Structures are given as C-alpha cells and as structure tokens.
Amino acid sequence: MKAVVADILEKTLARAQADGALPPWPERPAARSTVDAPKNPAHGDWASNVAMLYAKAAGKPPRQIAEILKERLVDAEGVVLALEIAGPGFLNFRLSPDVWWRELERVGREGEAFGRSDVGAGQKVDVEFVSANPTGPMHVGHGRGAVTGDAISSLLEATGHRVTREYYINDAGGQIRTLAQSVHVRYRQLFGEAVELPEESYPGEYVVEIAKELKESHGDRFLRAPETEWQGPFAALAVERILAMIRGDLEALRIRFDVWTSEKRALHESGAIRRALDDFRARDLLYDKDGAVFFRSTLHGDDKDRPVVKSNGDPTYLAADIAYHQEKFGRGFDWCLDVWGADHHGDIPRVKAAVKELGVDPARLRFTLVQMVNLLREGKPFKMSKRAGTVVSLREVVEEVGADATRFYFLLRRSDAQLDFDVALAKRQSNDNPVFYVQYGHARLCSILRRAREQGIAPPGFDLEALRSLTLPEEQDLAKRILGLPDLVAGAALAFEPHRLVFFLQETVGAFHAYYTKYKTTEKVIGPDPLKTRARLYLCDCLRQAMANALAMLGVTAPERMERPPEEAGEAE
RNA sequence: GCGCCCAUAGCUCAGUUGGAUAGAGCGUCGGACUACGAAUCCGAAGGCCGGAGGUUCAAAUCCUCCUGGGCGCGCCA
C-alpha cells in the first residue's frame, strides 16, 4: 500500500533528476525520506517529506522542489487522484479508492495468512524467556515476561522467522541447594522431628508434597544421612516436580516451549563451562584474584571485571551464561533474543562482552527487557513475600480471569514501562478488560456474517465492481486500516513490541463500532442494495479476518459469539 | 556516587523511530436501543508533553545539564 506511493515517488524523483531539474542526491532519497499516513485526513492518504529533506542538496526551498516533483509526477497506473503541496513542503497524495478496493483482494485470498510477511527471510532465531528459577510455582510477576516472550515469538514467526522458544532452567547453584534443604527439613518433620524451617528457605506447601513423595519412596533412609547423600536426589526430584508445575502454569496461558535447557546437565555436567573457561584462560581473558577467577569484561565496556569462579571453586552464574550462549549460538541460530526481567539489565554488558570473545558478532545477541509489575490490591501497592504469605500465583489469576484477559492485560503496555496490576480489580471487574471490547467487535462481525448466511445471501467474496459502489469515508478508512496490518506486524516484530498489535486492535474495532452505530438505520451492511450488501459483507469479512489474525498472534482467542455479561448488581433500588 | 529505564489529560498509558492542530481507555458530566449484538456509540470538560538550554525547515521524539521516581552496581541466581 505504502509501497505504491513510494514507488511513484522514486520514479518521479528519478525523472526530475534525469531532467536536470534537481541535482542528484548523495544519499538515496527513498531511503531517508518517509511516506506516512497523516493523522489529519485533510492531508490526504499518504504524505511525503522528500521535498524538505532535499532542500539542502538541491539548494532550493522545499515548496519549489515539491512543485518540480508535482509537475513531473510519474503515475503510470493513474492511481493518484490529487497531489497537493502543503505546509512547509509536504506532498500530499490522495489516491483513488480503487487502490484500496483492489488491494482488499489479498485479504480474502490469504485468509489466515493475511498480516504475515517474509521480512524475516527464514532466519533461524532463538527466543529465551521466562526462565523462572525452578524453586516454586510461577507468580504474577513472572506472567508478564512469559506472555511478552511468547507474543514476540509469534510475531517473529508471522514475519518469516523460524523461532525456537526456549526455557533456560537454572537448576544449579545455591537456590537449588536451599530448595533441597527445605525439602529435607519437611522430610524430617514428616518423621515427627521438631525442626523449624531456617530463615532462608522455601516454605510453600508444594515442598511438603515433595517431601512426602520422598518419604514414600525412600522411607527414612535419608533421615540421618549426611547432606552429600540426599542433596542430589532431593534436588533432582524437587526440580522435576516444580518444573511440572511451571509447565502447567504456562500451559494455562497457552505457552509452550520447544526447548528446555538444563543448566545443570547441558552446561555443568557436560563440561561446557569448563571448556569455555579453559578457552578463555588460554587466551588470557581470565586472571586470579583473592582465590577467585575473574573475566576481563572491562575489555568490552563493562564497568568492572566479573568473577567466573568463586574462591570455593564453584562457577558463577556468569560462567554458566557464557557457556550457555556459546552452546546456543553453536546450534546455528542467526540471532538470539534474551527476554529478561529489567532487574537483570546490569548483566547485559558482561554477557555481551563474553559473546564477543566467543567470536560471535554481538549484534546477533539481542535483549528486550520486561519491566517490573507493580502489584496493587484495591489500588494499594503491596509486595509479594513468601514469608508473609502474600505471593499471588499466576495460576490463580489465570483461573479467575481466563487466559485471554491475562494475556491481553500483560500486553497492554510497552514492555519496558512498568505495569500496574491490581489483583483485586483483575479478579473482580474482568468486564472492564479491553480484551472484551475487542472480542465483542469480532463476535459482532461474525454475527452480521451469520445473519447474512441465514438470509441466504451468497458468501462474501472479493468483487471489485461491488466495492466500487461503496462511497462512505468510514468504509475507505476501514479498508485502509485492514491493509495496514502487514506493515504493522512487521514493525512490531522487528521492534519486539507486541503492544502495537493491541493498539491496532483497539483502534480498528473502535472504528468499526462507530461505523456500525452511525449507519445502523441508514446504510446497513445487509441492506436493500445487493451490490453494496455484497461489498460490505466482504469488507466485514476482511475486518474479521484481520482482527482474528492479530488476536492469534497475541495468543488470544477470537470468539464467534459472546455471552452477555451479568447484569450490574448496583442497579437495584 | 556510577549505570540502565521512565516522566505526556484527574488516573493508566499510546504517539507509526524527526513531521502538519499531541491521541485513547478509565473516571466526571450530558445524550442515543420497537432496527445487522447497547460488552456499543455520540458529545462536553480536561495539556507549559517534568524543567532549562542546544541541534534544524520541523522536537513529546535527537544531544547536554537539572529535578523527581524505578531498578541495578555480590565470589546471589
């Protein structure tokens, strides 16, 4: 759509330069200039700023350049209805409605594929997200990263990337040791011992369940055994059971991973960490200090060198991360995306430094940060605390408001801005959630199409002659919005910004609702004029398809019917 | 103290990577159903885009400084 105008502009510029009316531009004009859809409809369908950008190189005022271009307009197909020069030198194009109508053909033809593109050109990418430590079920704070990562993955898939969704399991290290210890305390309690959970431990009920299972399978075998004997099996079972819980939490949100990478197995036990460190050591990227081993991350812009081996001989998290990224890139991805909680942003420089030393172009490792979720209850902030028992599990929210509303809510805002999440509100007033507004619009469209079917009207199909009978500005506007979806999806995918689709949906469905209401008594979709009816039904079907496709990319369902919400209780006298 | 993120309507936030008169939802006030779905729509009120400089035809957007908030700055993960 935009490409039509860009093409005309490019040819017009070439002609003006061939004429000698404009000097050649050192930079490629089309690369720098923009063709935008102006917000003000009085400014036409598409507007370009080339004339202003050209002013310096041409040594002429922008409006004069615009004039030169206008006189030499190359419009082979005759799609430009009007070309106006406005403001400081904007070229405002008004196109023949035929352009939209003709383009609408692809929506019906592409169907569920409409909105998808191939800007990714088959690149193989890895998206790593969630990666919550397997020490307990997921809480609401994790939900945002999960949904965001999943939606980004879907967007990348929709733009021709081959995506691997990956969960990195931090099943090694101190937290897991503490987890096993917590299980052991519970295990001892099951045998009647009066032991308390230490300060640093995991108090959740699920730990007791794991302890019970160990009691049943092993009896009192580990009761008096030294930690070296039970640490392994206790940790292993706990991680296995907790991962199953996490998997369930994610499934409830319709999130599935292709790969679950165990830090313990893939990096520690495999020797990958040792090999990576040996390699770094051989290249003098490591040095010993205070009994520990440091990586010279300052070589590549980090504030300070970071330890990779503790003085007790254990590798640090960074060491694992180095080996992990080496292993990941070794799997042949064109690039990898790490979706991290914003509280880990400080780790980015050191990982980038490491990746560079691994011989990987740092541009191939991309990050997107998901900011914190501010939890509120009835408008009042609160913090989740395991000891205070104020942890709100992701599962309870999803079960209460549904996967659609939860997903939509988490995608409502740019992921690098903080998000307020009112637990009480989310559970109670789920009707306020904008997802219902959007879904209702889809259901309404389905209802119209259903009605037409019931009246024996032929199923909607592309019909240029019929579409030409549509003259309402709202109808052209709707067509334009629908046709903007592919560009929108591509932009959102490359920027890792799924929220753009959310806004597209809200705005598009809003335009439809307004159109519907405005003409519900005068120019109905199903009306007396068979030609217009045919055209409008097709337009509605395109709209429905565009919305359904956008919703699918966000992992939200597009219902064909919705039940009426419960009546407001407050109306009683 | 240093680094990253943020600051836009009463509240929560968009703003198409520098474009023309800064938008939406919620909230407030006032309207619209014997009609394809009222979970809808229409209208009104509401702004020094945190502040000050700078870059240029053009700045909410880019640069510098300041103010105010969040998060980091472990031999935790």
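Naming convention: chains lettered A, B, ... in sequence-line order (proteins, then strands); numbering from 1 in each chain. Everything numeric here is computed off the predicted structure, so don't read it as measured data.
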Handout entry: base_contact_polar (B:C41 base, A:Thr517 side chain, donor-acceptor, <3.5 Å)
Key = no
Exercise for the section: Provide the Watson-Crick or G-U wobble partner of B:G72, both distances under 3.5 Å; none if there is no partner. Expected result: B:C2
Exercise for the section: Pull out every residue in residues 481-500 of chain A that has a heavy atom closer than 4.0 Å to any atom of RNA chain B, ordered by number, or say none. Expected result: A:Ala495, A:His499
Problem - Whole-angstrom distance between B:C65 and B:A58, as gauged at atom P - result: 24 Å
Exercise for the section: Could you work out which one of B:C71, B:A38, B:C6 sits closest to the side chain of A:His345? Expected result: B:C71
Handout entry: B:A20 versus B:A60 - spacing of their P atoms, nearest Å
Key = 9 Å
Exercise for the section: Classify the nucleic acid contact of A:Asp314 as base, sugar-phosphate or nothing, counting any heavy atom under 4.0 Å across all strands shown. Expected result: nothing
Practice task
Pick the C1' atom in B:G19 and in B:C62, then give their distance to the nearest Å.
Solution key: 14 Å
Practice task
Taking atom C1' in both B:A59 and B:G51, compute the distance separating them and give it to the nearest angstrom.
Solution key: 16 Å
Problem - Span that lies between the P atom of B:C13 and that of B:C6, in whole angstrom - result: 13 Å
Problem - Row check, A:Phe295 ring normal vs A:Arg306 NZ/CZ: under 6.0 Å, within 45° - result: no
Handout entry: B:G31 to B:U55 separation - C1' atoms, rounded to the nearest Å
Key = 49 Å
